[in-house]
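Structure first, commentary second.
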Amino acid sequence: MSTLFLAIGLVLVVEGLAYALAPSFIRRMAEELPKLGDDQLRVFGVAALAIGVGLIYVTKLL
């Protein structure tokens with residue numbers, strides 16, 4: 001359970017940094033999202049999922 005809270009905390013830190021350091025970039029990205037097709041969003045989502053799983057796997061090996 002503590003690992004879950006750690007993971008959620010890390011996600012919030014990364015999200016918070018993005019909003020704090022580059023708010024105009026985040027706003028532009030949000031404006032562009034509706035222009036992307038479902039297939040493109042799905043590919044980005046699967047890629048992010050694969051990278052996340054890979055990072056977790058590598059971290060657990062260390």
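Note that the numbering runs from 1 along the sequence shown for the chain. Both backbone and side-chain heavy atoms feed into the values below; hydrogens, waters and symmetry mates do not.
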Output side-chain donor-acceptor pairs under 3.5 Å for residues 49-62, partner residues at least two apart or in another chain, one line each.
residue	atom	partner	partner atom	Å
T59	OG1	L55	O	2.7

Original post:
Going by side-chain heavy atoms closer than 4.5 Å, which hydrophobic residues are tied to L10, directly or by a chain of links?
Top reply: L6
Original post:
Under the side-chain contact (heavy atoms from CB on, under 4.5 Å) test, which residues partner L4, sequence neighbours left out?
Top reply: M1, I8
Original post:
Going by side-chain heavy atoms closer than 4.5 Å, which hydrophobic residues are tied to L33, directly or by a chain of links?
Top reply: L36, L41, F44
Subject >> Pairs involving residues 2-20, ordered by first then second residue, that meet salt bridge (Lys or Arg N to Asp or Glu O under 4.0 Å) (sequence neighbours left out) >> reply: none
**OP:** Could you name each residue pair satisfying salt bridge (Lys or Arg N to Asp or Glu O under 4.0 Å) that touches residues 40-59, not counting sequence neighbours?
**Re:** D39-R42
**OP:** Quick one: name the residues clustered hydrophobically with L17, using the 4.5 Å side-chain heavy-atom rule over I, L, V, M, F, W, Y, and just say none if it's on its own.
**Re:** V13, L21
Subject >> P34 versus A30, closest heavy-atom pair with distance >> reply: CD-O, 3.3 Å
**OP:** Would you mind listing every side chain to side chain donor-acceptor pair (under 3.5 Å) that reaches into residues 21-32, with sequence neighbours excluded?
**Re:** E32-K35
